[in-house]
Amino acid sequence: MSDHSAPLQQPYGRAYEQMLENVRYDGAYPTREKAEEAVRLVLAGLGRQLTGDERVELAARLPVEAARVLTAQIPDTQPLGGWAFVKDLAARTGGSLATTRWDTGSVFSAVAAYAGPDLVTRILHRLPSGYALLFGRAELTKAA
């Protein structure tokens with residue numbers, strides 16, 4: 001007779017654990033739990049903004065646990081610009097704008113590492129203005 005009971009919490013995959021460690025290190029978070037809170041908050045927010053092929057391709061490149069957070073969200077009908085995105089996340093958590101901006105940059109840095117420069121460029125073209133700085137890139141304006 002075998003025991004088929006599963007543990008209460010499944011361990012995360014190696015790729016997601018590495019992502020959390022990267023965010024923890026880059027964001028100078030005191031614990032892995034704080035880094036994971038930031039990852040979940042920011043990826044859920046991004047999931048409400050990103051649509052189309054870029055959303056699908058990003059989900060395919062992220063660790064499965066991160067992809068689930070991203071794709072569990074229904075995209076908003078009115079996408080937010082970069083600063084409005086940060087303000088929305090801060091309002092949802094009650095956090096400060098400065099802390100939320102830091103969280104966003106820390107998580108987007110890890111996301112960019114998984115996505116690669118070409119996909120990040122396509123993501124930035126799909127999103128409204130203001131996200132490039134959040135991804136650690138210069139905000140370029142289109143010529144008139």
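Everything quoted here is computed from the prediction, not taken from an experiment.
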**Q** Side chains of L97 and W83: does their closest heavy-atom pair fall under 4.5 Å?
**A** yes
**Q** So, for P30 and R24, which heavy atoms are closest and what is the spacing to 0.1 Å?
**A** O-NH2, 2.9 Å
**Q** Heavy atoms, side chains only, cut-off 4.5 Å: are I123 and E57 in contact?
**A** no
**Q** Could you state the interatomic distance from CG (L134) to CG (L124), rounded to the nearest 0.5 Å?
**A** 9.0 Å
**Q** With side chains defined as the heavy atoms from C-beta onward, is the minimum distance between M19 and V111 less than 4.5 Å?
**A** yes
**Q** For the residue pair T121 and R137, what are the closest heavy atoms and their distance?
**A** OG1-NH1, 2.7 Å
**Q** Of the non-hydrogen atoms in G82 and Y131, which two are nearest, and what is the gap between them?
**A** N-CE1, 3.6 Å
**Q** Give, for atom CG of L89 and atom OG1 of T99, the distance between the pair rounded to the nearest 0.5 Å.
**A** 12.5 Å
**Q** Compare all side-chain heavy atoms of V69 with those of L62 and state whether any distance is below 4.5 angstrom.
**A** no
**Q** With a 4.5 Å cut-off on side-chain heavy-atom distances among I, L, V, M, F, W and Y, is there a chain of contacts connecting Y114 to L50?
**A** yes
**Q** Could you give all pairs that pass the salt bridge (charged side-chain N to carboxylate O under 4.0 Å, His left out) test and reach residues 91-118, with sequence neighbours left out?
**A** D88-R92
**Q** State whether the number of non-hydrogen atoms from other residues, nucleotides or ligands found under 6.0 Å of W102 atom CH2 is greater than 12.
**A** no
**Q** Tell me, with the steps shown, if L127 and F85 meet side-chain contact (heavy atoms from CB on, under 4.5 Å).
**A** CA-CA 11 Å; L127 294 171; F85 175 81; over 6 Å; no
**Q** Can you tell me how far apart CD (E65) and CG (L43) are? Round to the nearest 0.5 Å.
**A** 11.5 Å
**Q** Determine the minimum heavy-atom distance between P79 and T77, stating which atoms define it.
**A** CD-O, 3.5 Å
**Q** Applying the 4.5 Å side-chain criterion to the ILVMFWY set and letting contacts propagate, would F108 and L119 be lumped into a single cluster?
**A** yes
**Q** Nearest heavy-atom pair of T104 and V42: which atoms, and what distance?
**A** CA-CG2, 3.7 Å
**Q** Mind checking whether E21 and Y25 have side chains closer than 4.5 Å, heavy atoms only?
**A** no
**Q** Tell me, which pairs form a side chain to side chain donor-acceptor pair (under 3.5 Å) where one or both residues lie in residues 42-53, sequence neighbours left out?
**A** R48-Q73, Q49-D76, T51-R126
**Q** So, taking the atom named CD in E33 and the one named CG in L20, what distance separates them when rounded to the nearest 0.5 Å?
**A** 9.5 Å
**Q** E17 versus R14: any side-chain heavy-atom pair under 4.5 Å?
**A** no
**Q** Begin with the C-alpha distance, continue with both residues' side-chain angles, and end with the deciding distance and a verdict on side chain to side chain donor-acceptor pair (under 3.5 Å) for E36 and Y12.
**A** CA-CA 11 Å; E36 186 172 17; Y12 293 130; 2.5 Å; yes
